[in-house]
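A, B, ... follow the sequence lines: proteins, then strands. Residue 1 opens every chain.
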Amino acid sequence: MTQRMALSELISSYIRAESTVYLAGFSHLIPFAAGHEIIRHGIKHLTLCRSTPDLLYDQMIAAGVAAKVVFSYAGNPGVGLLPAFRRAVETGGIVIEEYTHAEMVARLEAGAAGLPFWPVRAEDNDLTVQRPRASVVCPYSGTQIPVVPALNPDVTLIHVQRADEAGNLYMWGLPGEIKEAALAARTLVATAEEIVPADSARTDREHLIVPGFRVAAVAHAPYGAHPSYAAGLYERDTVLYQEWNRIARDTAQCNKWLDEWVRGVPDHAGYLAKRGVRYFERLALKGGHDRANES
Amino acid sequence: MTQRMALSELISSYIRAESTVYLAGFSHLIPFAAGHEIIRHGIKHLTLCRSTPDLLYDQMIAAGVAAKVVFSYAGNPGVGLLPAFRRAVETGGIVIEEYTHAEMVARLEAGAAGLPFWPVRAEDNDLTVQRPRASVVCPYSGTQIPVVPALNPDVTLIHVQRADEAGNLYMWGLPGEIKEAALAARTLVATAEEIVPADSARTDREHLIVPGFRVAAVAHAPYGAHPSYAAGLYERDTVLYQEWNRIARDTAQCNKWLDEWVRGVPDHAGYLAKRGVRYFERLALKGGHDRANES
Amino acid sequence: MPTSRDWMIIAAARLLQDGERVLVGVGVPNIAANLAKRLHAPGLVLVYESGVIDARPEKLPLSIGDGTLVEDALAVLPMYELFSHYLVRGWIDVGFLGAAQIDASGNLNSTVLGPYESPRVRLAGSGGAAEIATYAKRTIIVMEHDRNRFPAKVDFITSPGHPPGARRPDGRGPWRVVTSLGLFGFDEHGRMGVLALLPGHSYEEVLDMTGWRIPCLTDEFHYSPPIQPEEEAALAALRSTLTIGDQK
Amino acid sequence: MPTSRDWMIIAAARLLQDGERVLVGVGVPNIAANLAKRLHAPGLVLVYESGVIDARPEKLPLSIGDGTLVEDALAVLPMYELFSHYLVRGWIDVGFLGAAQIDASGNLNSTVLGPYESPRVRLAGSGGAAEIATYAKRTIIVMEHDRNRFPAKVDFITSPGHPPGARRPDGRGPWRVVTSLGLFGFDEHGRMGVLALLPGHSYEEVLDMTGWRIPCLTDEFHYSPPIQPEEEAALAALRSTLTIGDQK
């Protein structure tokens with residue numbers, strides 16, 4: 001059964017140095033609160049996986065958390081590139097393992113199904129020159145079918161709009177590859193904007209992403225995706241995305257920012273307090289939770 | 001773009017003798033109106049595919065429509081076996097190609113993805129003695145992984161609770177393998193309980209099964225799944241399931257029933273008129289359409 | 001007076017534990033699982049191959065695709081997802097199946113009586129039974145005890161049981177068989193034997209109704225406890241949820 | 001006064017036809033596709049690799065994952081389904097992409113400037129660009145025209161263009177390139193050439209800004225019609241939907 005715990009305890013219980021983690025999310029529901037907690041705990045040598053590494057992974061790279069990134073698109077959405085990621089790749093400070101989106105999500109499908117590979121339709125390109133793609137011979141047609149290897153993260157951590165006390169996780173808005181990453185995980189943990197009594201979200205099953213029995217632990221983390229957005233709850237804090245784009249070009253500035261906003265606060269509650277309640281009010285969407293069933 | 005047409009025209013336009021058809025549905029949303037129309041049109045030598053052939057396929061077999069059945073479970077849900085199917089198989093009157101459920105839906109996944117095979121986790125059994133299962137060697141692990149061949153029906157026909165004028169198809173309740181069968185089809189057509197103005201169902205996108213551009217044609221067929229059920233709209237007419245179980249044991253009785261209820265009425269409207277409006281009222285669920293968003 | 005069918009249903013229900021995830025097959029297992037959930041196992045997670053996870057049916061479902069399974073379910077998944085992401089990944093504790101035939105190794109036949117190519121009786125086929133029997137953490141089989149249904153070797157292996165000479169190494173495969181005569185288990189060689197007899201039945205009767213010389217795995221044949229009033233009442237209540245004509 | 005960037009956006013928008021299904025890439029293609037939908041192609045079906053089908057954004061989306069794309073969309077699918085069931089199955093009419101570099105065969109680079117193992121500039125990577133460029137029925141590329149961005153051979157092939165010496169046989173692959181200087185197509189050998197010049201630009205300028213001797217595919221260089229008032233107004237209106245600070 002799902003354990004409910006504080007975010008700090010969840011991170012120290014489940015995220016180990018040198019493990020392969022998938023902090024999921026796609027444009028929205030990026031688990032910033034959890035990622036920052038990983039930085040605070042000083043966990044090192046992680047392999048960070050996500051189709052779309054963005055600001056959070058850039059901050060984690062800047063903080064020295066990552067040894068490797070497995071990805072298909074590393075950008076700051078609508079703003080530009082990821083300065084810390086760029087610097088790390090350009091100076092050899094990090095190992096990368098790179099795919100296309102279609103390959104990356106196929107890797108998760110294999111992981112979710114418990115199979116060692118997945119067939120894809122794909123042409124060769126210079127990525128497959130760098131990382132030759134295997135194939136199998138179709139026993140029916142005799143054709144060579146490209147395949148990609150399964151990805152089974154040691155831990156997938158997702159952030160959702162709603163969890164119930166039984167650990168059932170509900171999300172809405174862009175699904176990206178969040179569910180596949182959850183299902184492919186050896187261990188699945190989550191943060192949630194709100195935790196409601198067991199069964200109280202049961203009528204909302206179109207938004208169930210995984211049942212509680214698949215979830216090892218859940219922590220309450222309101223605004224846990226800030227500065228990304230949570231569909232139906234709050235908007236993206238684009239100013240911070242732009243700000244990071246400037247800050248992150250300079251290592252000293254990066255560290256100063258991390259010291260102030262991550263290492264310098266005791267935990268996520270501290271982060272929220274430091275920003276202040278009023279800060280988040282302007283990001284709130286009209287209608288708030290009521291929009292769950294529309295989006 | 002999706003053409004809207006009468007059911008009779010849809011059947012004569014899209015269902016050809018000797019083609020492979022998938023009349024989808026899983027316990028509910030069985031496209032009885034469309035299947036009966038196929039019988040009326042006297043179309044022959046069809047290969048009928050569905051994971052769960054039930055009453056409708058039994059009637060189509062009894063009517064001499066089918067040359068072959070591709071399936072994984074042929075039963076009368078909650079009642080017993082399928083007498084006409086049994087007779088046809090036991091006397092060699094029909095060819096069967098049989099899978100497990102997991103294999104059958106994997107075949108559709110391959111078809112939906114445009115790949116010639118699909119990997120599965122499965123052990124051998126006597127089905128694979130009858131129909132040896134191919135495998136591929138995983139290039140990463142070196143293990144033999146069983147595979148099944150893609151299934152791409154010439155035509156998949158599904159019945160949905162709601163279509164809009166643009167051909168967008170919406171369903172709720174048990175999904176079974178309905179969406180996969182739709183996506184695997186070379187040509188997809190549908191019948192619908194109701195056809196609403198274009199875009200008027202747009203807020204209901206959790207229930208969208210395929211966008212209109214995938215749908216060649218749609219016909220209006222209220223109570224088009226009777227005597228099976230349509231979640232949220234009407235209940236199963238279990239008495240008819242039990243009745244068929246008796247009738248179908250005898251070929252003459254079978255034909256008499258088909259003459260009366262299928263061949264003897266001009267079309268689906270004629271069938272509804274023959275049953276009478278009052279007949280259907282007792283099957284209506286309390287709340288009717290309003291339950292769409294719950295189920 | 002409870003019939004031997006009632007006994008079988010109740011004995012099967014008792015094997016399910018609260019909180020387990022049970023993949024429920026059609027027929028008697030469906031009745032027994034719903035009964036367990038109304039008795040000692042309210043937290044039993046009923047899973048159906050139709051895609052339903054944690055069903056809370058108001059009525060006894062007539063089939064695995066009955067609308068009553070959908071209404072208050074936690075999740076209703078495409079079949080592909082249920083098989084691929086849940087069953088074969090090991091998230092099901094108990095496969096709870098019926099069959100037309102079972103043999104000494106726990107192989108199940110749901111496909112055909114007689115030869116496959118020229119069947120005497122063509123049955124419904126596997127559905128999910130092949131994968132349920134091989135990927136659930138353990139399997140419980142529930143079926144009427146009859147010589148034709150308990151042959152030394154089934155006519156057709158739909159769901160493979162234990163391999164020749166041994167139990168499956170990982171605990172999977174047939175664990176218990178509940179019949180109208182008694183309760184059965186499997187020895188270290190993966191062969192079925194008697195664990196207990198239902199009241200009013202004898203080992204001789206079992207031998208007579210079984211197509212091989214089925215051994216005893218215990219000295220204590222007594223099946224206990226007897227049917228409790230609340231069990232009988234719950235079974236009657238469950239059956240009463242069916243409308244006339246649907247009785248089973 | 002429209003800038004050459006405005007010209008590029010408008011010229012790209014004009015290539016999209018009403019009713020087409022266009023898979024919209026990040027950056028300028030996103031602006032152009034949203035502009036087309038507000039002008040001559042209200043029935044344009046905007047598809048995003050984020051899983052959105054038939055988006056009707058109120059505002060200019062800042063990225064392919066912007067919430068405005070989700071609000072009134074027809075469908076919002078898992079990425080896997082969008083790629084597997086729609087894109088690679090041939091249901092996308094137009095792939096509408098930007099890139100860091102393009103070469104004479106229409107190969108696109110979105111991955112790296114300099115060698116992959118020791119990059120001068122590490123870019124974002126493929127995302128869906130590899131599959132979009134190869135599985136859409138045809139591809140339109142939109143990018144600023146600059147010598148560094150139009151080398152004879154791209155530093156890295158993220159999205160393969162036409163094969164050596166020929167166009168792709170099935171009509172797929174690069175079809176048009178819209179730049180800040182003009183409009184380009186591909187000859188029967190799959191090599192890029194000039195179709196038209198934007199006002200104020202010359203063939204000599206194109207030659208100067210292109211890393212190979214790019215030929216002319218037409219005698220008529222004039223790009224017509226000029227920017228229409230409604231195009232300029234629509235572009236301004238689209239940009240005005242962004243809040244201050246988000247301008248692009």
Side-chain angles (χ1 to χ4, degrees), chain A residues 26-28 51-52 54 71-82 85-90 92 96 98-106 108-109 120-127 129-130 172-180 228-229 231-232 235-236 238-239 241-242 285 291 294-295, chain D residues 26-27 30 48-52 61-67 69-73 76-84 87-89 107-112 114 116-135 154-160 243 245-246 248:
Chain A
F26 189 94
S27 301
H28 75 144
S51 65
T52 53
D54 66 354
F71 74 106
S72 42
Y73 185 90
N76 182 333
V79 177
L81 298 173
L82 298 175
F85 170 80
R86 266 193 66 181
R87 193 162 48 241
V89 175
E90 291 166 16
I96 58 170
E98 183 171 6
Y99 296 86
T100 67
H101 271 355
E103 291 174 325
M104 190 75 180
V105 294
L108 294 172
E109 286 287 326
V120 294
R121 293 184 71 170
E123 292 191 12
D124 283 342
N125 60 8
D126 279 353
L127 272 180
V129 171
Q130 293 297 325
W172 44 91
L174 283 179
E177 84 287 28
I178 299 175
K179 181 162 127 179
E180 291 77 7
S228 79
Y229 72 101
E235 290 188 334
R236 190 172 87 153
T238 295
V239 172
Y241 277 72
Q242 293 164 333
L285 285 169
R291 297 180 55 171
E294 291 170 36
S295 52
Chain D
V26 297
N30 179 43
Y48 288 82
E49 69 183 31
S50 52
V52 175
L62 284 180
S63 78
I64 62 154
D66 195 310
L69 292 173
V70 174
E71 275 160 29
D72 195 33
V76 180
L77 303 178
M79 273 207 294
Y80 180 75
E81 295 185 19
L82 186 83
F83 279 90
S84 179
L87 176 59
V88 308
R89 286 297 304 280
N107 294 309
L108 303 182
N109 174 16
S110 317
T111 303
V112 70
Y116 187 78
E117 295 293 354
S118 53
R120 188 159 45 79
V121 181
R122 173 63 222 201
L123 306 166
S126 167
E131 285 82 12
I132 294 169
T134 45
Y135 289 100
V154 293
D155 292 4
F156 188 95
I157 299 176
T158 310
S159 307
T243 47
D246 293 344
K248 55 198 302 180

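Between the side chain of A:Arg121 and the backbone N or O of D:Val88, at least one donor-acceptor pair lies under 3.5 Å. With hydrogens and angles disregarded, no donor-acceptor distance shorter than 3.5 Å links the side chain of D:Glu131 to the backbone of A:Ala122. Side-chain N or O atoms of A:Tyr99 include none that pairs as donor or acceptor with a backbone N or O of D:Ser126 at under 3.5 Å. With hydrogens and angles ignored, the 3.5 Å screen pairs no side-chain donor or acceptor of A:Asn125 with any backbone N or O of D:Ser159. Remark: the backbone N or O of D:Gly67 is paired with a side-chain donor or acceptor of A:Tyr229 at under 3.5 angstrom.
For the pair A:His101 and D:Gly128, the tightest heavy-atom approach, listed with the atom from each and the gap, is CD2-N, 3.4 Å. Shown here for A:Gly173 and D:Val76, the closest heavy-atom pair between the two residues is O-CG1, 4.2 Å. Residues D:Gly65 and A:Ser27 approach most closely at CA-OG, 3.0 Å, considering heavy atoms. Shortest non-hydrogen contact noted between A:Glu90 and D:Pro119 is CG-O, 3.8 Å. Summarising the geometry of A:Leu127 relative to D:Phe156, their closest heavy-atom pair is N-CZ, 3.4 Å, with the distance given to 0.1 Å. Shown here for D:Phe83 and A:Ala102, the closest heavy-atom pair between the two residues is CD2-CB, 3.8 Å.
If you measure heavy-atom distances from D:Asp66 to chain A, the contacts under 4.5 Å come from the backbone alone. Proximity to chain D (any heavy atom under 4.5 Å) is shown, for A:Ile178, by neither the backbone nor the side chain. For A:Glu109, the part sitting under 4.5 Å from any heavy atom of chain D is the side chain, from C-beta outward, and nothing else. Heavy-atom distances place both the backbone and the side chain of A:Thr100 under 4.5 Å from chain D. Within the 4.5 angstrom heavy-atom criterion, only backbone atoms of D:Leu77 (N, CA, C, O) approach chain A. In this structure, the portions of A:Leu174 lying under 4.5 Å from any heavy atom of chain D include both its backbone and its side chain. For A:Asp124, the part lying under 4.5 angstrom from a heavy atom of chain D is the backbone only. Heavy atoms closer than 4.5 Å to chain A are found in both the backbone and the side chain of D:Ser50. Heavy atoms closer than 4.5 Å to chain A are found nowhere in D:Glu81, neither backbone nor side chain. Proximity to chain D is limited to the side chain of A:Phe71, based on heavy atoms less than 4.5 angstrom apart. For D:Val112, no part sits under 4.5 Å from any heavy atom of chain A, backbone or side chain.
Counting heavy-atom pairs closer than 4.5 Å to chain A, the top residue among D:Gly114, D:Pro160, D:Ser118 is D:Pro160. Ranked by heavy-atom pairs under 4.5 Å with chain A, the list D:Ile64, D:Val121, D:Val52 is led by D:Val121. Of the listed residues (D:Ala130, D:Ala124, D:Ala129), the greatest number of heavy-atom pairs within a distance under 4.5 Å of chain A belongs to D:Ala124.
In this structure, CD on D:Glu49 lies 9.5 Å from OG1 on A:Thr52, to the nearest 0.5 angstrom.
By the 4.5 Å heavy-atom criterion applied to side chains, D:Pro78 and A:Glu180 are counted as neighbours. Proximity of D:Val70 to A:His28: side-chain heavy atoms (C-beta onward) are nowhere separated by under 4.5 Å.
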request  = Give the intermediate values and the outcome of side-chain contact (heavy atoms from CB on, under 4.5 Å) for residues D:Thr158 and A:Asp126.
outcome  = CA-CA 6 Å; D:Thr158 310; A:Asp126 279 353; over 6 Å; no

